[in-house]
Amino acid sequence: MNYWLIKSEPDAFSIDDLKRDKITSWEGVRNYQARNNLRAMEKGDLALFYHSSTNPTGVVGVAKVVVTALPDKTQFDTKGEYYDKKSTPEKPIWYCPDFAFVEKFKSIVTLEDMKKDKKLAGILVAQRGSRLSVQPVSKEHFEYIRALGTKG
DNA sequence: GCCAACGTTGGC
DNA sequence: GCCAACGTTGGC
């Protein structure tokens, strides 16, 4: 059982979109480190859902891995924005798991909150220049942030 | 919209 | 395989 943080721009795909769709394939990640994290995810793992490039930025809910990583079909779509000409169905480069909606927080746990909180010292997302869109999170940090968000 | 951080690409 | 140039992310 591992814990993660996944970033999404709410204009592209928000926690409300996940709530509506119930399940989504986490397609379009084109960063090797993020992909490696996606491939390391196991069924039942939980992820903090983070809204980036919005005001305020922060964790807005929780998602659960329901299907482990399979080849991301968008890499083969020659007309799509995620097409990768170096990838083939025989040797796919990019993989994505499916996430299910778990909950939306009563209140957002903002990046500012996380940076200030001594209990969250060392959390990747609050580190300067942390661009990685799929990050591991410790169990302690996960549960602490979830408690902050759900208590409202 | 700016720009720091940092990943990727490609020439050598 | 180094590294400069370039592109992207994402907070502000």
Side-chain angles (χ1 to χ4, degrees), chain A residues 2-21 24-41 45-65 68-99 101-138 140-142 144-150 152:
Chain A
N2 293 303
Y3 299 89
W4 310 92
L5 180 144
I6 54 177
K7 292 185 189 172
S8 183
E9 298 192 15
D11 289 346
F13 192 81
S14 72
I15 188 76
D16 292 318
D17 293 327
L18 180 60
K19 186 176 184 180
R20 182 197 62 216
D21 295 350
T24 192
S25 289
W26 209 249
E27 295 168 335
V29 171
R30 294 294 180 269
N31 170 284
Y32 285 100
Q33 208 179 338
R35 180 208 61 182
N36 292 344
N37 287 334
L38 290 174
R39 291 185 68 172
M41 291 181 182
D45 283 3
L46 294 174
L48 298 169
F49 197 106
Y50 179 94
H51 279 175
S52 64
S53 296
T54 186
N55 188 20
T57 60
V59 179
V60 292
V62 175
K64 180 166 77 174
V65 177
T68 52
L70 297 169
D72 179 343
K73 63 182 185 300
T74 64
Q75 69 196 303
F76 310 123
D77 176 4
T78 55
K79 294 195 181 67
E81 69 172 305
Y82 297 121
Y83 177 62
D84 187 338
K85 64 180 187 301
K86 286 186 293 191
S87 188
T88 64
E90 291 73 32
K91 264 199 140 176
I93 297 173
W94 307 109
Y95 289 77
C96 62
D98 287 0
F99 285 104
F101 176 79
V102 174
E103 69 191 9
K104 182 183 175 180
F105 287 170
K106 277 188 188 151
S107 59
I108 182 171
V109 179
T110 67
L111 181 61
E112 193 187 1
D113 293 338
M114 293 191 281
K115 281 180 173 171
K116 282 190 304 199
D117 200 318
K118 290 193 179 65
K119 289 214 175 67
L120 296 174
I123 193 167
L124 277 178
V125 73
Q127 269 164 34
R128 182 177 162 80
S130 162
R131 298 191 308 165
L132 188 61
S133 63
V134 181
Q135 310 181 350
V137 176
S138 72
E140 291 72 25
H141 286 169
F142 177 90
Y144 181 73
I145 290 168
R146 189 181 199 177
L148 285 180
T150 50

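Within every chain, numbering begins at 1; the chains are lettered A, B, ... in the order of the sequence lines, protein sequences first and strands thereafter.
Take W26(A) and apply the side-chain hydrogen bond (donor to acceptor under 3.5 Å, both in side chains) test, not counting sequence neighbours, and it matches no residue. Applying the salt bridge (Lys or Arg N to Asp or Glu O under 4.0 Å) test to E112(A) and every residue at least two apart in sequence or in another chain returns nothing.
Under 3.5 Å, the side chains of T74(A) and E27(A) contain no donor-acceptor pair of N or O atoms. A donor atom on one side chain and an acceptor atom on the other are not found under 3.5 Å apart for T150(A) and E103(A).
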Test ring-ring contact (aromatic ring centres under 6.0 Å, His included) on W94(A) and Y32(A); report intermediate values, then the result. CA-CA 8 Å; W94(A) 307 109; Y32(A) 285 100; 4.7 Å; yes
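Contacts between chain A and DNA chain B, taken as any atom within less than 4.0 angstrom of a protein heavy atom, begin and end at dA4(B) to dT9(B).
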